[in-house]
Amino acid sequence: PMQQQKRQPELVEGNLPVFVFPTELIFYADDQSTHKQVLTLYNPYEFALKFKVLCTTPNKYAVVDATGAVKPQCCVDIVIRHRDVRASYYGVIDKFRLQVSEQSQRKALGKKEIIATLLPSAKEQQQQKEEEEKRIKEHLAESVFFEQTLCQPENRTASSGPSLLTVFLGIVCIVALMLPTLGEMESLVPLYLHLSVNQKLVAAYVLG
């Protein structure tokens with residue numbers, strides 16, 4: 001049994017990656033050509049796979065060859081037709097589940113969910129998509145500018161001033177804290193460099 005487990009580690013129930021494209025189907029009510037869509041299932045493995053297509057709303061769709069097999073390192077096309085196009089279904093998300101198993105086993109080795117949506121118009125969707133893309137591009141342009149000002153202060157002369165001043169202040173405060181306090185007699189540092197406790201507290205506060 002141990003040898004079998006080592007030889008076939010990928011054949012654990014439910015863990016096998018399933019490669020299917022696309023993972024989202026969009027049907028447009030006003031475009032007959034979109035009422036038939038194709039899912040492609042790829043089998044990159046060294047063994048044949050059985051597959052089964054399940055759906056949350058089977059009454060809406062016709063799946064040609066809902067069950068079948070894929071040879072090792074081959075692919076198969078699964079045709080899905082939307083057969084109940086009506087306005088009340090616009091925007092409703094349905095789900096397909098593609099289950100795969102090894103030919104000799106009944107257990108599902110892996111599964112992948114594909115979402116399907118019916119939309120009223122391809123043109124409307126295209127306009128919305130273009131507007132969304134425009135918004136995203138504008139947002140990205142702002143983000144990129146913001147990141148540059150944040151991450152590359154050396155390119156901007158305005159921000160180099162305060163940063164140098166901050167560093168200088170920091171060094172002064174650290175030196176101040178390292179100098180002996182008034183009253184410490186055994187010290188190599190001259191007496192005029194000895195600081196009071198209050199002066200050191202100020203230095204520590206500035207540094208913080």
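These numbers come from the heavy atoms of this one structure, side chains and all, not from hydrogens, waters or symmetry mates.
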Pairwise side-chain contact, I80 with L25, heavy-atom cut-off 4.5 Å (strictly under): yes
Side chain to side chain contact (heavy atoms under 4.5 Å, CB included) between V92 and T117, intermediate numbers included: CA-CA 6 Å; V92 176; T117 318; over 6 Å; no
Side chain to side chain contact (heavy atoms under 4.5 Å, CB included) assessment of I26 paired with E24: CA-CA 7 Å; I26 298 176; E24 183 177 8; 4.0 Å; yes
Polar side-chain atom of R83 near backbone of N59 as donor-acceptor pair, under 3.5 Å: yes
Nearest heavy atoms of S101 and K107, plus distance in Å: CB-O, 3.0 Å
Test: K134 and E131 ion pair at under 4.0 Å: no
Under 3.5 Å donor-acceptor, T34 side chain and Y28 backbone: yes
Heavy-atom check, side chain of C55 versus side chain of V63, under 4.5 Å: no
Contact summary for R86 and L118, nearest pair of heavy atoms: O-CD2, 3.7 Å
Under 3.5 Å donor-acceptor, N43 side chain and C74 backbone: no
T67 side, atom OG1; K52 side, atom NZ - distance, nearest 0.5 Å: 8.0 Å
Counterpart residues, ring-ring contact (aromatic ring centres under 6.0 Å, His included), relative to Y89 (two or more places apart): none
Side chain proximity check, Q73 to E46, heavy atoms < 4.5 angstrom: yes
Heavy atoms from other residues, nucleotides or ligands near CG of D30 exceed 12 (cutoff 6.0 Å): yes
Minimal non-hydrogen separation, P72 against A48, with atom names: CG-N, 3.7 Å
Pair D31, S33: side-chain N/O donor-acceptor within cut-off below 3.5 Å: yes
Side-chain heavy atoms of C75 within contact of F21, under 4.5 Å: no
Atom pair CZ/CG of F19 and L41 - distance to nearest 0.5 Å: 10.5 Å
Derivation and outcome, side chain to side chain contact (heavy atoms under 4.5 Å, CB included), residues V53 and R97: CA-CA 6 Å; V53 182; R97 177 177 285 173; over 6 Å; no
Spacing of OG belonging to S121 relative to OH belonging to Y90, to within rounding of 0.5 Å: 9.0 Å
Separation of D77 CG from T40 OG1 (nearest 0.5 Å): 4.0 Å
Min side-chain heavy-atom separation V76-D65 under 4.5 Å: no
Short side-chain to backbone donor-acceptor contact, T56 and D94, under 3.5 Å: no
Sub-4.5 Å side-chain heavy-atom contact between K36 and V79: yes
Side chain proximity check, K112 to T23, heavy atoms < 4.5 angstrom: yes
Where at least one partner belongs to residues 55-80, residue pairs that pass ring pair (Phe, Tyr, Trp, His ring centres under 6.0 Å), sequence neighbours excluded: F27-Y61, Y61-H82, Y61-F96
Interatomic distance, K111 atom NZ to L16 atom CG [nearest 0.5 angstrom]: 11.5 Å
K50 side chain near V100 side chain, heavy-atom distance below 4.5 Å: no
Side chain to side chain contact (heavy atoms under 4.5 Å, CB included) between V20 and I114, worked out: CA-CA 9 Å; V20 63; I114 298 105; 4.2 Å; yes
